[in-house]
Structures are given as structure tokens and as C-alpha cells.
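Heads up: the structure comes next, in C-alpha cells.
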Amino acid sequence: MLFMNDGVYAADHADAPGSGADPAADIGDLYAWRTDSDTLVAVVTFAGLAEAGAPATYDAEVLYGIHIDNTGNGVANIDIWCRFGLNMAMEWGIQCLNVPGADGPVDGPVDTTNEGGNGTMVYAGPRENPFFFDFEGFDGTLMSGDLMFDPMNDTFAGTNVTAIVVEMDAAAAAGGGTTLEVWTSTGRLGAP
Amino acid sequence: MTMKYTNKIALLGLFAAPLMLNACNGDDPVEGDLAATETGDGDGEGEGEGEGEGEGEGEGEGDGDGDGDGDGDGEPPDPFVYLDNPPEDYVRVDRGGMPGINSAVITSKDAYNAASPADDANGDFLAEITTNLQALHAALDEDLIFYNLTPCVVADCLAQAGPLLVPDTLKIDYAEPAGFPNGRALADPAMDIILTVILLDLDAPGQEELTTLVGTNPTMNDVAFLDTFPYLAEPN
């Protein structure tokens, strides 16, 4: 099992760079954890397997969702919506709406920690790919039907992603309870 | 782990087709250009209102009109402009919570990406997950046994992995110790835990822990994460 989106994109990328893929909307990984300071951090990575030094991938027409269900019915109670936008100087900014605990929309330049009040923060920018996995071994396992994983081979070492990192109020995210489920989505503006 | 090279192409056939589909998923992206142009014209209209359009009109000669909000360098404020279309205006491209599930045990990827965790919980994708797990076990059980591991019977795999993988979300319980599968921190060996849950019989002696297969893949990132926001390491 275990085709990572990252890896699939990697294989595709290696075969035919740029053809048919939508890196800005291609989710790599989602992380979400509670910190010791009563915040919840959510990380969405996309545009995976970018080479060292490659620019980040920003696209104003992609909508990034971080969804939180805190009532256990599979329906989001909180939808954090993030978008990229440009200014007149053609610099990119990041805006996230509905960040639990924030005073309002949180926005500001990419590559910057943007504060939204009550300890909330939003960052977007190019980062080292946090995912570690032997994708070649996985691929080989599926091809051959034999276990071929190599714990020394991190396919994603040395590569970058573009990431959105949102730190929010943990209690607000959970709606006052203690359990929640988090997922992410991407959408592209326009008709299918 | 180890390497043996025999050919069992069954799995390849099963997974290759969805792989290709997934690869061709997106629209064609000349996304840099697209993004820039669209932002340029689409936005002047709707967005500027709340956020200081008034100051913006000054066009750099605004010093004299004394609105007092400038930063003193004579340049107008230059706010970022974001689209404000409602979510319904966007066509879903991708979704997920658990690592690997979307592209791994799901065959009908377009339908899956367009669906929701409620659909997952409703069992919409259970049949194909089961089929893919069966194929996986048919191919790998022999190897697992060779390494003195006890594979789960597919029905049992589903029973033990189901609550973790379906719906496709990260589950978090503040009242329990953190660490995948209770949330997912950057350093958690999530993939090997998922491998354990879908491949091994968690009732068999010596492999009750979700971490039994941790070490099959790298157990840590190649560079250290940051202790503070934004936590991910600097780009390469």
C-alpha cells in the first residue's frame, strides 16, 4: 500500500515535467498536533519534491481548506480557508479566514510569521519537505510483490515543499470539547 | 528491510492504473502566469473596499492630503489582494487527512477527491479499500511470514485499521497522549504505523504495538525540525 501523493507526483514529474499535474493543488501531507501551549498546529504541504533552491509555488486561484469536525459526524464545524494573493509590487501574501482564536482574517507576506491575536499565527512559504519515506522501496514492493523497503533511503531528503502552517487556539478548534478530526482540501477556481 | 526479487505482477496491474489516473489529475498549469494575471484583473473590483482602498487612490502623491496613515516614505500602502469567491466557486482537486490513503487503497480517485469524510464514514469506499487490501496481502503475506511476522486476515485488518483510516481524517484527542495516530506531528513515523495496522495481526504475540514495523522506512527526517513556529526546517 502507500502511494503517497508526493511520490506519485514525483514519478510523474520525473517522467514528464509539468505535464498534467497541478502542483499548487496537489496535497502532499497534512499534520496536526496540539502543542504544550494550548495551541493546535496544522500544516499542509503541497507542490512536493521541488528541487533545492526551487521557488515556492503560489497560486491565487487555489483555495486551501483546513477542516475541523469537533462533533464527530464527518461534517466540518470549522473551515479555515487560505488563499495566496499579490500586491501591486507583485509580492505574495497569504490570507487565512476562520482561524480559531484569531481576531479576524489573518494575512500578511509569505515567508513571514503573521500573527492573528490570541497566539494565532499563519505562515506560508518554501520549506524542507518534512515527509520521510522510502518511496522507491514502496514502489518496488508493489512492482515485485516482495518487501523492498530500505530504512536508509529517504526519497524526500533534500527536497522542498510549499507549506501553509496555521497555529490556532486548541480549545476553540475543539469547540470546547477534547476531540476533533482534521482534514484538508484544495480547490481550483472555475468550472470543471 | 530486505530485498528479494521475484516477479509478482498482480499488484502492479491493480495499482498502476489508478497511479496513472492520479498523475493526470490536474488541469494544465502554467500556474505562475495564470495566477498573476487573474489576480491582477479579477480583484480590483471586489476586494479593495474594506482594506484601505481610500489610501490607495493617493497614488504616491498622497503626502499632502494629510491622511496621516502613510509609512513616511511617500509610497502608497500596497495591500495584498485576495480573491473572495465563495468556496462553491472552486472545483475540488484533492483532499485527505491520513497519509497515503487517498492514493494508496483508493481506486476511484476522482470520486474520492470530490467526496467528504462523511462519505467515507458512510462506507462509500469500503469495497475498493477491501479489494486493494486483499491484493496487498495476497502479494506480501508470504514475505511477512518469512520475517516471522503474523499478517492479519483481511477482515481483521479492516476491523483494526478502519477506525484509524476511515474517515480519511487525522483524529485528535486532547485527553490522550499525543503522537500518531493521535494527531500527527512532524516527527511521527506515521507511515510505518499505518503499515503495521494494515499488514499485521495486532493480536499476535510480540506485535501488539502499533510501532512493530517502525524502522521499515526511515524513522526520522533527514534534517531537524524547528522547536518553534513554523516548525518545518528551512528549505534546501
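Remember, predicted model here, so these are calculated numbers, not experimental data.
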Is it the backbone or the side chain of [X] that comes under 4.5 Å from a heavy atom of chain A, or both, or neither?
X	result
B:Asp120	neither
B:Met98	neither
B:Asp188	backbone

Less than 4.5 Å to any heavy atom of chain B: does that hold for the side chain of A:Asp79, its backbone, both, or neither?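 Nothing of A:Asp79, per the 4.5 Å heavy-atom cut-off to chain B.
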By a 4.5 Å heavy-atom criterion (distance strictly below it), what part of A:Pro55 contacts chain B: side chain, backbone, both, or neither?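 For A:Pro55, no heavy atom lies under 4.5 Å from chain B.
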Point-to-point distance, once rounded to the nearest 0.5 Å, from [atom1] of [X] to [atom2] of [Y]:
X	Y	atom1	atom2	value
A:Phe84	B:Leu83	CZ	CG	12.5 Å
B:Phe229	A:Asn114	CZ	CG	8.0 Å
B:Asn85	A:Leu63	CG	CG	9.0 Å
A:Leu189	B:Tyr90	CG	OH	5.0 Å
B:Thr169	A:Asp69	OG1	CG	7.5 Å
B:Leu140	A:Ser144	CG	OG	8.0 Å

Test A:Arg127 against B:Leu226 for side-chain contact (heavy atoms from CB on, under 4.5 Å), laying out the working first. CA-CA 11 Å; A:Arg127 306 304 288 186; B:Leu226 311 181; 3.5 Å; yes
So which residue, [options], ends up with the most heavy-atom pairs under 4.5 Å with chain B?
options	answer
A:Asn70, A:Leu40, A:Val166	A:Leu40
A:Asn87, A:Leu30, A:Val122	A:Asn87
A:Pro130, A:Ala52, A:Ala25	A:Pro130
A:Val43, A:Thr35, A:Asn73, A:Ile94	A:Ile94
A:Ala56, A:Gly137, A:Gly108	A:Gly108
A:Ala174, A:Gly53, A:Ala170, A:Ala89	A:Ala170

Would you please name every residue forming a salt bridge (Lys or Arg N to Asp or Glu O under 4.0 Å) with B:Asp222, sequence neighbours left out?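 Partners of B:Asp222 under the salt bridge (Lys or Arg N to Asp or Glu O under 4.0 Å) test: none.
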Test B:Tyr231 against A:Glu167 for side-chain contact (heavy atoms from CB on, under 4.5 Å), laying out the working first. CA-CA 10 Å; B:Tyr231 305 106; A:Glu167 185 148 349; 2.7 Å; yes
Any disulfide (SG to SG under 2.5 Å) pairs touching residues 21-65 of chain A, not counting sequence neighbours?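 Every candidate disulfide (SG to SG under 2.5 Å) pair involving residues 21-65 of chain A fails, so no pair, neighbours aside, qualifies.
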Worked verdict on A:Arg83 versus B:Asp84 for salt bridge (charged side-chain N to carboxylate O under 4.0 Å, His left out): CA-CA 9 Å; A:Arg83 292 175 171 96; B:Asp84 60 359; over 6 Å; no
Which pair of heavy atoms, one from [X] and one from [Y], lies closest together, and at what distance?
X	Y	answer
B:Gly215	A:Pro151	O-CB, 3.2 Å
A:Asp150	B:Pro218	O-CD, 4.0 Å
B:Pro117	A:Gly74	CB-O, 3.8 Å

Could you walk me through whether A:Val165 and B:Leu232 pass the side-chain contact (heavy atoms from CB on, under 4.5 Å) check? CA-CA 9 Å; A:Val165 186; B:Leu232 282 70; 4.1 Å; yes
Are A:Phe149 and B:Leu195 close enough that some pair of their side-chain heavy atoms sits under 4.5 Å apart?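 They are in contact (side-chain heavy atoms under 4.5 Å apart), so the answer is yes.
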Test item: B:Val81 and A:Leu86 side chains (from C-beta on) under 4.5 Å apart, heavy atoms: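 They are not in contact (no side-chain heavy atoms under 4.5 Å apart), so the answer is no.
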Mind ranking B:Ser116, B:Ala233, B:Ala118 by heavy-atom pairs under 4.5 Å with chain A and telling me who comes out on top?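 If we count pairs closer than 4.5 Å to chain A, B:Ala233 comes out on top.
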Under a 4.5 Å heavy-atom cutoff, which of B:Ala190, B:Pro167, B:Ala185, B:Ala178 has the most pairs with chain A?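 Among B:Ala190, B:Pro167, B:Ala185, B:Ala178, the one with the most close pairs to chain A is B:Ala185.
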Verdict with supporting geometry, B:Leu186 and A:Trp33, side-chain contact (heavy atoms from CB on, under 4.5 Å): CA-CA 9 Å; B:Leu186 296 173; A:Trp33 71 94; 3.8 Å; yes
Among residues 179-186 of chain A, which residues come closer than 4.5 Å to chain B, judged by heavy atom distances?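 The list, in residue order, reads A:Thr179, A:Leu180, A:Glu181, A:Val182, A:Trp183, A:Thr184, A:Ser185, A:Thr186.
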N/O donor-acceptor pair under 3.5 Å between A:Asp29 side chain and B:Pro99 backbone: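 Checked: no pair found.
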Would the distance check show the side chain of B:Asp94 and the main-chain N or O of A:Asp26 forming a donor-acceptor pair, the cut-off being under 3.5 Å?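 The answer is no, because no donor-acceptor pair under 3.5 Å joins these two groups.
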Do A:Asp134 and B:Asn217 get their side chains close enough for a donor-acceptor pair, meaning under 3.5 Å?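 Their side chains do not contain a donor-acceptor pair, so the 3.5 Å distance test is not met.
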Check the side chains of B:Asn221 and A:Glu128 for a donor-acceptor pair under 3.5 angstrom, ignoring hydrogens and angles.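 A donor-acceptor contact under 3.5 Å links the two side chains.
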Between B:Tyr82 and A:Trp81, is the gap from one ring center to the other below 6.0 Å?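 B:Tyr82 vs A:Trp81: aromatic centres not under 6.0 Å.
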Give a yes or no on whether A:Glu115 atom CD has more than 12 heavy-atom contacts from other residues, nucleotides or ligands under 6.0 Å away.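 Count not over threshold, so no.
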Which residues share a ring-ring contact (aromatic ring centres under 6.0 Å, His included) with B:Tyr112, sequence neighbours left out: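 Per chain and number, B:Tyr112 pairs via ring-ring contact (aromatic ring centres under 6.0 Å, His included) with B:Phe125.
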